[in-house]
Amino acid sequence: MTDKDFIPSTYTTDKTEGKVTYKSPSNIALVKYWGKKEHQIPANPSISFTLDTCATTTTVSYKKLNNKASDFSFDLLFDGRSKEDFKPKISTFLKRTEKYLPFLKSYHFTIETSNSFPHSSGIASSASGMSALALCLMELERELNPNMDSAFFKRKASFLARLGSGSACRSIEGNLMQWGAQKDTQESSDLYAIKYPYKVNPIFNNYQDSILLVDKGSKQVSSSLGHDLMHDHPFAEQRFDQAHKNLTKLKRIFEEGDLLEFIKIVESEALTLHAMMMTSMPYFILMKPNTLEIINKIWAFRESSKTHVCFTLDAGANVHVLYPENEKEKVYQFINNELVAYCENGQYICDQIGNGAEKL
Ligand code: PMV
């Protein structure tokens, strides 16, 4: 497939107005995407757990204009209030997707959005937000082309979400999603994410992710800048190669449920992501002292409890604590006794692996 396959030739139906709502989850990468080529093509493949509780709900109301407008026409409401500072990101998204959704300038849109997680919790809302918006727009396209099949619908929703935020393409479905062409994964593509197509051991069913909110402030360095810094990065090629190798290794690990090897890859990926930040030019650090305190506590607890708790990080200071469902009680106790003290205002969110976006 190429991007041209997502350009519609005609629309068979007309639709003057309507409304659609999607709830779309966030996701947490196990093998990380960091560095991209033109048009949001990833420099390396990535794989993530789709989350369940952390989600964005977006309603798009649309009304056909009498004449096609010269620019995009939309209002944006966040938690019921007009949110002007979110509009440029949406405009960029609409610009990037217009070629594939040629109806965009023929409608006025009211986009109402809200997150299940607290505002400015430091949890990135771009994956859930962009995937929810892409799905709503795809739903309108399906009204215009009712014969569209559901496989194409999901693929194109992922393709469009990717143009808003790379990692968003992995939030359309669950519960293990791979994005980026990789030799060992059939059907994998740089254009959209696919459901991981191989056997996954039941130990990963309902895998838990407790997100410790270490720093709720906004990041000093955005992901977009961080991705750009991989262009002249001295270790870029080795890093991209490592991501491919880690995905290859995960195949057996997922199949056999080898948690000890799973932990090694997941934690190494998290630290490598942050090592890339620390070794780019300019260099930067997104971890905070409490991030490191938590990591050390997790290592000590894993050793003493013989559980399989591990951590991963996204592009920020918060820590995702991952563990199998059958260790939930022990890990909850550990989090409450030893980790809560390192969270801002003692806040954390208990989430688990989920099934992807749903239409409401
Ligand atoms: O989707 P973006 O451009 O915000 O980049 C996300 C990058 C990481 O979260 C750090 C890794 C990943 O694969 O999700």
Side-chain angles (χ1 to χ4, degrees), residues 24-51 54 56 86 89 92-93 96 115 117 121-134 158-172 174 176-182 188 190-194 196 209 211 218-231 233 236 239-240 242-244 246-247 250 265-278 280 284-287 291 311-320 322 351 353:
S24 190
S26 186
N27 66 70
I28 181 68
L30 306 169
V31 171
K32 310 284 180 181
Y33 150 61
W34 198 242
K36 60 179 155 188
K37 304 177 197 162
E38 242 196 322
H39 306 303
Q40 304 265 103
I41 296 297
N44 67 259
S46 57
I47 194 163
S48 54
F49 282 151
T50 303
L51 295 182
C54 287
T56 298
F86 280 8
K89 208 165 179 200
T92 305
F93 173 69
R96 286 187 192 157
N115 293 333
F117 40 91
S121 55
I123 296 185
S125 57
S126 56
S128 52
M130 287 299 168
S131 54
L133 180 57
S158 175
F159 170 85
L160 295 173
R162 184 193 108 239
L163 298 175
S165 162
S167 57
C169 76
R170 299 186 310 238
S171 276
I172 305 293
L176 192 52
M177 299 296 290
Q178 181 174 331
W179 167 39
Q182 205 253 354
S188 58
D190 282 344
L191 298 179
Y192 46 79
I194 59 165
Y196 184 69
D209 179 5
I211 309 165
S218 61
K219 296 182 267 182
Q220 321 96 296
V221 180
S222 69
S223 298
S224 324
L225 186 61
H227 286 295
D228 278 352
L229 292 174
M230 287 304 282
H231 284 303
H233 197 290
R239 159 61 198 150
F240 301 147
Q242 179 197 39
H244 281 267
N246 280 344
L247 264 167
L250 276 175
I265 290 187
V266 169
E267 294 191 342
S268 160
E269 277 285 326
L271 295 179
T272 303
L273 169 72
H274 284 257
M276 291 298 112
M277 300 173 187
M278 290 190 244
S280 57
F284 57 103
I285 302 180
L286 295 183
M287 289 189 281
T291 312
F311 73 87
T312 188
L313 307 168
D314 56 18
N318 295 335
V319 182
H320 289 249
L322 302 177
D351 208 339
I353 191 166

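In each ligand, atom 1 is the first atom listed, and ligand 1 is the first ligand listed.
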Item to complete: Kindly write out the residues that satisfy side chain to side chain contact (heavy atoms under 4.5 Å, CB included) with I353, not counting sequence neighbours, or none if the list is empty.
Response: F49, N175, Y207
Worksheet item: Out of curiosity, Q182 CD to I47 CD1, how far, rounded to the nearest 0.5 Å?
Response: 9.0 Å
Response to the item:
Residues with a heavy atom under 4.0 Å from ligand 1, by chain and number, are A29, K32, Y33, W34, S165, G166, S167, R170, S223, H227, L273, A315
Worksheet item: With no hydrogens and no angle check, is any side-chain donor or acceptor of R162 less than 3.5 Å from a backbone partner on A193?
Response: no
Worksheet item: Excluding sequence neighbours, so at least two apart, what forms side chain to side chain donor-acceptor pair (under 3.5 Å) with N44?
Response: none
Discussion item. Going by the rule side chain to side chain contact (heavy atoms under 4.5 Å, CB included), which residues pair with H233 if we only count those two or more places apart in sequence or in a different chain?
Written reply: M230, F235, A236, M276, T279, S280
Worksheet entry | CA sep, side-chain torsions, deciding dist, call: Q40, H227, side-chain contact (heavy atoms from CB on, under 4.5 Å) | CA-CA 10 Å; Q40 304 265 103; H227 286 295; over 6 Å; no
